[in-house]
Amino acid sequence: MSDASPPGTPVVPRRAIRSFVKRGGRITPAQQRALTEHWPAFGIDFAGSPLNLTDAFGRVAPVTMEIGFGDGVSLVALAQAHPARNFLGVEVHAPGVGHCLLAAAAARVTNLRVFQHDAVEVLAESVAPALLDEVLILFPDPWPKKRHHKRRLIQPEFVALLATRLAPGGRLRLATDWEPYAAWMLEVLGASPEFRNLSSSGDFLPDHTDRASTKFERRGTRLGHTVRDLEFERIGH
């Protein structure tokens, strides 16, 4: 019997090298309480099986996924600003997830659900092909040292997986304040036959007025870093 995968089966990136370090971090009593009290309303337990979004949200609507939402403030703001969309957040760090749940409960949003799990595994096992209409990856860890570049989230294998999970015409939006990582993103995505750059100049967007500012962005701006936004469209019919 052959071990080969059927034609068209996406290659799932191996997780021997992760794009994050699972820091313990300091979680506040309020954040810890939120993980207990608000998880039933907003949390999705990773089960390693395809997610039924209609059951999760109680409706059918376009879906935006944010990978690595940090403290979740900008994600909650997006959910408030776009009530006709469903928002799915993925973050591994408990303090950030707790902070997001607090903000979501305070804002009384009903169109937001979150995973506390590795985004690659969520995409590979919980998200069905062509399920997502938009993916946001805002200010991921740039892993600036050359020996750590293999840990960067944006890699050809990951981009190929993303392409299978985005519907044709779906958008991939990215941002970074680390210039070398911006060039890296541009090169990796530019080499993908599944994506088309939507920048009129073929590189970066001129502004980012349609998204909320993040904590990492504000920190980078204070440090004098240039923020680069990229937007790509999933090619297909």
Side-chain angles (χ1 to χ4, degrees), residues 4-20 50-51 62-69 85 87-91 115 117-144 146 148-208 210-211 214 216 226-237:
S5 299
T9 300
V11 176
V12 177
R14 297 181 183 273
R15 301 309 293 141
I17 299 174
R18 294 185 182 271
S19 62
F20 59 87
L51 174 66
V63 182
T64 292
M65 171 183 276
E66 181 171 4
I67 294 173
F69 57 72
R85 298 184 71 87
F87 288 85
L88 192 58
V90 186
E91 175 59 61
F115 279 97
H117 199 75
D118 174 16
V120 174
E121 293 178 0
V122 170
L123 281 169
E125 300 183 38
S126 298
V127 178
L131 187 71
L132 305 174
D133 298 280
E134 183 180 51
V135 173
L136 309 177
I137 305 177
L138 307 178
F139 304 93
D141 194 327
W143 292 103
K146 188 173 182 179
H148 291 154
H149 285 182
K150 60 184 178 289
R151 291 186 176 274
R152 287 176 171 174
L153 180 63
I154 305 304
Q155 304 282 353
E157 297 84 359
F158 179 68
V159 168
L161 175 62
L162 274 177
T164 67
R165 273 35 185 174
L166 271 166
R171 304 296 175 88
L172 172 61
R173 300 170 187 256
L174 311 99
T176 181
D177 66 329
W178 190 255
E179 195 74 31
Y181 198 13
W184 174 289
M185 290 176 172
L186 192 62
E187 180 179 353
V188 171
L189 281 155
S192 170
E194 309 295 339
F195 286 99
R196 173 170 49 241
N197 193 337
L198 294 181
S199 165
S200 59
S201 55
D203 47 18
F204 307 111
L205 299 181
D207 57 50
H208 59 273
D210 60 342
R211 68 168 175 80
T214 73
F216 296 104
T226 299
V227 173
R228 297 293 192 184
D229 278 73
L230 304 90
E231 183 173 1
F232 287 78
E233 180 181 57
R234 171 71 166 92
I235 299 170
H237 302 285

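Owing to the predicted nature of the structure, the values given are computational and were not obtained by experimental measurement.
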Engineer: So, for Pro140 and Ala175, which heavy atoms are closest and what is the spacing to 0.1 Å?
Structural biologist: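 For Pro140 and Ala175, the tightest heavy-atom pair comes out as CD-O, 3.5 Å.
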Engineer: Hey, could you give me the CG/CD1 distance between Leu153 and Ile67, rounded to the nearest 0.5 Å?
Structural biologist: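 Going from the CG atom of Leu153 to the CD1 atom of Ile67 covers 6.5 Å.
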Engineer: Hey, what do you get for CD (Glu91) to NE2 (His117), rounding to the nearest 0.5 Å?
Structural biologist: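 It is 13.0 Å, given to the nearest 0.5 Å.
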Engineer: Would you say the side chain of Asp133 lies within less than 4.5 Å of the side chain of Arg85, judging by non-hydrogen atoms?
Structural biologist: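 Counting from C-beta outward, Arg85 and Asp133 do come under 4.5 Å.
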Engineer: So does Leu136 get a backbone contact from the side chain of Arg173, meaning a donor-acceptor N/O pair under 3.5 Å?
Structural biologist: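 Not at all, since once roles are kept as given, no pair shorter than 3.5 Å links the two residues.
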Engineer: Within a 6.0 Å radius of atom CD on Glu187, are there more than 12 heavy atoms belonging to other residues, nucleotides or ligands?
Structural biologist: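 No, not enclosed.
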Engineer: So which heavy atom on Phe115 is nearest to which on Ser126, and how close?
Structural biologist: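 Scanning both residues completely, I find the closest heavy atoms to be CZ-CB, 4.1 Å.
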Engineer: Looking only at non-hydrogen atoms, find the nearest pair between Ala163 and Glu194 and report the distance.
Structural biologist: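 Taking Ala163 first and Glu194 second, the nearest heavy atoms are CB-CB, 3.6 Å.
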Engineer: Between atom CG of Leu132 and atom OG1 of Thr64, what is the distance when rounded to the nearest 0.5 Å?
Structural biologist: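 Rounded to the nearest 0.5 Å, the CG-OG1 separation comes out at 8.5 Å.
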Engineer: Closest approach of Leu166 and Glu134, non-hydrogen atoms and distance?
Structural biologist: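 Looking at all heavy atoms of both residues, the shortest contact is CD2-N, 3.7 Å.
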Engineer: Does any N or O in the side chain of Gln155 come within less than 3.5 Å of the main-chain N or O of His149, such that one atom is a donor and the other an acceptor?
Structural biologist: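 Judged by distance alone, yes, a pair lies under 3.5 Å.
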Engineer: Could you walk me through whether Met65 and Leu123 satisfy the side chain to side chain contact (heavy atoms under 4.5 Å, CB included) test, starting with their C-alpha distance in whole Å, then the side-chain angles of each, then the deciding distance to 0.1 Å, before giving a yes or no?
Structural biologist: CA-CA 10 Å; Met65 171 183 276; Leu123 281 169; 3.8 Å; yes
Engineer: Rounded to the nearest 0.5 Å, what separates atom OG1 in Thr226 from atom CZ in Phe204?
Structural biologist: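 CZ of Phe204 is found 10.5 Å from OG1 of Thr226.
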Engineer: Going by heavy atoms in the side chains, are Phe232 and Arg171 under 4.5 Å from each other?
Structural biologist: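 Phe232 does not reach Arg171 side chain to side chain.
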Engineer: Within the 4.5 Å heavy-atom criterion, are Phe158 and Ile137 side-chain neighbours or not?
Structural biologist: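 Of all side-chain heavy-atom pairs linking Ile137 with Phe158, at least one is under 4.5 Å.
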Engineer: So do the side chains of Leu131 and Leu51 get within less than 4.5 Å of each other, counting heavy atoms only?
Structural biologist: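 Heavy-atom side-chain distance check fails, nothing below 4.5 Å.
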Engineer: To the nearest 0.5 Å, what is the distance between CH2 on Trp184 and CG on Leu189?
Structural biologist: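 Interatomic distance, Trp184 CH2 to Leu189 CG, rounded to 0.5 Å: 12.0 Å.
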Engineer: Say whether, by atom type as modelled, one donor and one acceptor occur between the side chain of Arg165 and the main chain of Ala124 under 3.5 angstrom.
Structural biologist: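 Present.
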Engineer: Ignoring hydrogens and geometry, is there a side-chain-to-backbone donor-acceptor pair from Arg228 to Trp178 under 3.5 Å?
Structural biologist: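 No; judged by distance alone, with no hydrogens or angles, the pair does not exist.
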Engineer: Between Asn197 and Ser199, is the side-chain hydrogen bond (donor to acceptor under 3.5 Å, both in side chains) condition met? List the steps.
Structural biologist: CA-CA 6 Å; Asn197 193 337; Ser199 165; 4.6 Å; no
Engineer: Working to the nearest 0.5 angstrom, can you tell me the gap between Asp141 CG and Thr176 OG1?
Structural biologist: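 These two atoms lie 9.5 Å from each other.
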